[in-house]
Every structure is written in C-alpha cells, then in structure tokens.
Amino acid sequence: MTLADVAARAQVSPATVSRVLNGNYPVAASTRERVLRAVDELDYVLNGPASALAAATSDLVGILVNDIADPFFGIMASAIQSEIGGPGGRAGGERLAVVCNTGGSPERELTYLTLLQRQRAAAVVLTGGAIEDAAHVTAVGSKLRKLVDAGTRVVLCGRPPAPEAIALTFDNRGGGRRLTEHLIGLGHRRLGYIAGPEERTTTRHRLEGHRDALAAHGIEDDPRRTVHGRYDRAAGYEATLELLRRDPSITAVVAANDTVALGACAALRDSGLRIPDDVSVAGFDDLPFSIDAVPALTTVRLPLAEAGARAGRIAMGREEPPAGGIATVGGELMVRGSTGAPRE
C-alpha cells in the first residue's frame, strides 16, 4: 500500500495524509480520524528512519504488558529488557526497549502492534494472558503475521500459543489444580474462588484447574462460591465479602493471584476471621511480597524472571526457540502459613 492509496480511501489529498502521519501541521479532528481509519484498514506502514532499508529492522524492541505497575508484568518486562542488549544494534550493540502498557485494552494492544510494525521493530514480546474474543484473536494474528513477514521476531511470554509466534506458556491450569488439591488434602470442602476477568485466558485456565481438582475429589462446584473481578487488591477485598455473604460457611479462599489474595486477607480480618484458623487463603504467582504477608501466603510460584529472560534471548536470536515453537513452563506449589486444616 502507498500513501496515495490511503489518500484515496480517506478521500483527502496525499499531502493531508502526510501531515496527519507526520504530525507537523494542524488538521481537522474529523479529517485526522478519517485518515487514521484508512491507515488501519489498509494496514499502511509509514517508512521508518531514512537510514533503514525497506526490509531491514530497527534497534527497537517492543514489550507489551497489561499493567506495568503490576509486579507480574514488571518482573517479566525487566528480565526481557536485561537480555536485549548485545551485538546487532547500531548504538554500540544496544537496543532500545519500549514498554507498551495496554491497560487491558484490546484496541490499545492492536495500536501498539501497528506502531511497532511501522517502526520496523527488531523484536516484539507480548506478555501475560490473551483476551478471549474471536475477532480480537484474528486481528492480533494478522498483526503478528505481518510483523514476522517483515523480519521482526515475535515471542509470547506467559501467553497461550499462537501459530504466528514462538510461545513460552505458563501451566496455569496445572498450577490451579495443585493449589486446590493442597487445600482439599488439608480437609477443606467448602472453597470460595476469586477469579480474574472473565475474558482473560489466564482466568479461564486457573479456574479450570480449580474445578478439575474439585471434580477429581467428588466436590460440588457450587456457582455461589465463584466470584469474578479485576486482578487487584480492591477486587479481592470486595469479592471476599461477597463470598462470605453468599456462603458464610466457606473454610478457604483461593485467589486469582497474590495481589487479589492480599485483598482477601484484609476482608477476612475486617470480618473478624483469623487466617488460617477460620479461613485459609491461597494466591498465585509468588510475587515478591507474598512471603512477607502475615501469615506468609501459600501460592504457586511462576518463574517470571526466568521466563522473561529466556523470551528476551529468543527474541534477540541468542537462544534457539523450543522444539515446535512452544514450551510450557510449570509452576511450583509454595506452602506457607496462610493455609491450614479447617476447624471442625
């Protein structure tokens, strides 16, 4: 596609398209929106630096995260960035890492992928779970294929496999199952579960693991004992109060992640309940603060830093991709003071 094609689609002059894309001249908002829509529809890629050949890549590496303030993503992004230096970049062998914070927005994720394509990024690493929406999955797949075809290395870290990229996936389902089996082994039968946002793959996989464990031990999956919410402390607090309202007899709360678990612990304490004497609490991820919680949090440790570093090395071509382009990284159950046998 050429700039003239974009101009024809937007029904403006090529000069107007150039002004919108370069941002060097005021353009009416409605016209600008029409041009950008045409750019997106035609998947037009603006030429990068004049020094780069059309088929070449730049020194830019994009790292997509859902929320950089969340330690889950911060740890991975830091580890990825630590591995992206070395030979190949024009500035003394270094590359420029750009962390793209999507805020969980599907539209922003697609926008960042388009911008990275325009900049001919050397590599793109997408971290964390994906959004389960067929149209969005198709759109992301199309963007990733175009990046790969242009010479960009694309790696998924902690994200389900996609045919367009190399994937290092986390065994969220297996970790969720082991966590619930631990609580069942202690004697718990009435377990509340705080799940993440319903549209996220991570949410579904961890919840499926929990339900697999319940089914394997003949325990009813009572829908009253599952509440969905955000992956943050406030959601954990609110969801725990809701679980207690629905079923005051629960003896354990399994949280979507460690941050949610902290909110659950606060809600239980504010309700006059002791941990684990009255209610056990378990999290997921083994984020740095989990061992310093009082009591220390039982959780599933995901090797976030190790996976991020490996994704960075693969993205830079310094480590061979896994066989078949996919590797599953397991989690380790970390049993600590927040879980114990239920009171009779």
Side-chain angles (χ1 to χ4, degrees), residues 65-74 101-106 108-109 127-133 136 158-160 170 172-173 175-177 179-180 183 188 190-214 221-271 273 275-276 278-287 289-290 293 297-300 302 304 331 338-339:
V65 302
N66 184 38
D67 180 6
I68 193 60
D70 183 337
F72 177 90
F73 293 100
N101 195 79
T102 69
S105 165
R108 197 173 298 170
E109 182 172 69
T127 65
I131 296 170
E132 295 198 298
D133 174 82
H136 183 67
R159 192 173 175 120
F170 294 140
N172 285 303
R173 190 179 288 104
R177 185 177 61 250
L179 198 59
T180 297
L183 290 165
H188 292 277
R190 298 184 299 279
L191 292 81
Y193 191 94
I194 305 174
E198 294 188 66
E199 71 276 8
R200 289 278 166 182
T201 54
T202 301
T203 297
R204 178 169 62 84
H205 294 159
R206 293 182 182 185
L207 182 54
E208 285 176 350
H210 169 72
R211 288 173 169 165
D212 287 347
L214 294 179
D221 179 23
D222 187 338
R224 296 179 305 155
R225 295 176 183 156
T226 298
V227 177
H228 286 268
R230 304 174 306 280
Y231 283 120
D232 60 37
R233 182 187 181 280
Y237 189 97
E238 295 160 4
T240 301
L241 295 181
E242 177 63 17
L243 285 171
L244 292 172
R245 186 191 66 78
R246 293 182 185 184
D247 184 0
S249 71
I250 59 172
T251 62
V253 172
V254 183
N257 67 11
D258 293 340
T259 306
V260 172
L262 287 189
C265 290
L268 291 169
R269 285 193 296 268
D270 288 351
S271 300
L273 297 169
I275 305 165
D278 299 314
V279 181
S280 289
V281 178
F284 207 112
D285 295 333
D286 195 25
L287 298 177
F289 59 75
S290 64
L297 199 60
T298 291
T299 185
V300 171
L302 292 181
L304 301 175
S338 68
T339 53

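For this chain, numbers begin at 1 and follow the sequence in order. Because the structure is predicted, anything quoted here is derived from the model rather than measured.
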Donor-acceptor pair, His228 side chain versus Gly196 backbone, under 3.5 Å? yes
Keeping Arg246 on the side-chain end and Arg224 on the backbone end, is there a donor-acceptor pair under 3.5 Å? yes
Candidate pair His210 and Arg177, rule side chain to side chain contact (heavy atoms under 4.5 Å, CB included), full reasoning: CA-CA 5 Å; His210 169 72; Arg177 185 177 61 250; over 6 Å; no
On a heavy-atom basis, the closest approach of Ala261 and Gly283 is CB-CA, 3.9 Å
Tell me whether Thr299 contacts the main-chain N or O of Phe284 through its side chain, where contact means a donor paired with an acceptor under 3.5 Å. yes
Atom CG of Asn66 and atom CZ of Arg159: how far apart are they, to the nearest 0.5 Å? 9.5 Å
Does the Asp67 side chain pair with the main chain of Ala69, one donor and one acceptor, at a distance under 3.5 Å? yes
Sidechain-backbone polar pair: Ser105 side chain, Thr102 backbone, donor-acceptor under 3.5 Å: no
Gap separating the CD1 atom of Ile275 from the OG atom of Ser280, nearest 0.5 angstrom: 9.0 Å
Would Leu244 and Ile250 count as a side chain to side chain contact (heavy atoms under 4.5 Å, CB included) here? Give the steps. CA-CA 7 Å; Leu244 292 172; Ile250 59 172; 4.1 Å; yes
Working to the nearest 0.5 angstrom, can you tell me the gap between Thr240 OG1 and Leu273 CG? 10.5 Å
If I compare all heavy atoms of Ala293 with all of Leu262, which pair ends up nearest, and what's the gap? CB-CD2, 4.0 Å
Derivation and outcome, side chain to side chain contact (heavy atoms under 4.5 Å, CB included), residues Leu183 and Val254: CA-CA 9 Å; Leu183 290 165; Val254 183; 3.4 Å; yes
Beyond-backbone contact of Val300 with Asp285, side-chain heavy atoms, under 4.5 angstrom: no
Taking atom CD of Glu198 as the centre, does the number of heavy atoms from other residues, nucleotides or ligands within less than 6.0 Å exceed 12? no
Nearest heavy-atom neighbours spanning Ile194 and Gly236: CD1-O, 3.8 Å
Results of side-chain hydrogen bond (donor to acceptor under 3.5 Å, both in side chains) for Arg108 - residues two or more places apart only: none
CA sep, side-chain torsions, deciding dist, call: Thr298, Thr339, side-chain hydrogen bond (donor to acceptor under 3.5 Å, both in side chains): CA-CA 6 Å; Thr298 291; Thr339 53; 2.8 Å; yes
Minimum heavy-atom separation for Arg233 and Ala266, please, with both atom names. NH2-CB, 3.2 Å
Are any side-chain N or O atoms of Arg206 and backbone N or O atoms of Asn172, one a donor and one an acceptor, separated by less than 3.5 Å? no
Quick one: list whatever passes salt bridge (Lys or Arg N to Asp or Glu O under 4.0 Å) with Arg200, sequence neighbours left out. none
So does Asp258 get a backbone contact from the side chain of Tyr231, meaning a donor-acceptor N/O pair under 3.5 Å? no
Non-hydrogen side-chain atoms of His205 and Pro160 separated by less than 4.5 Å: yes
Any sub-3.5 Å donor-acceptor pair from Thr203's side-chain atoms to Ala195's backbone N or O? no
Looking only at heavy atoms, which two atoms of Val260 and Asn257 are closest? And how far apart? N-OD1, 2.8 Å
Rounded distance [0.5 Å steps], CG in Asp221 versus OH in Tyr193: 11.0 Å
Which heavy atom of Pro276 sits nearest a heavy atom of Ser338, and at what distance? CB-O, 3.4 Å
Out of curiosity, Glu238 CD to Arg230 CZ, how far, rounded to the nearest 0.5 Å? 5.5 Å
Arg211/Glu208 ion pair, N-O < 4.0 Å: no
Rounded to the nearest 0.5 Å, the CG atom of Leu287 sits from the CG atom of Leu304 at a distance of 6.5 Å
Show your reasoning for whether side chain to side chain contact (heavy atoms under 4.5 Å, CB included) applies to Glu199 and Arg204. CA-CA 8 Å; Glu199 71 276 8; Arg204 178 169 62 84; over 6 Å; no
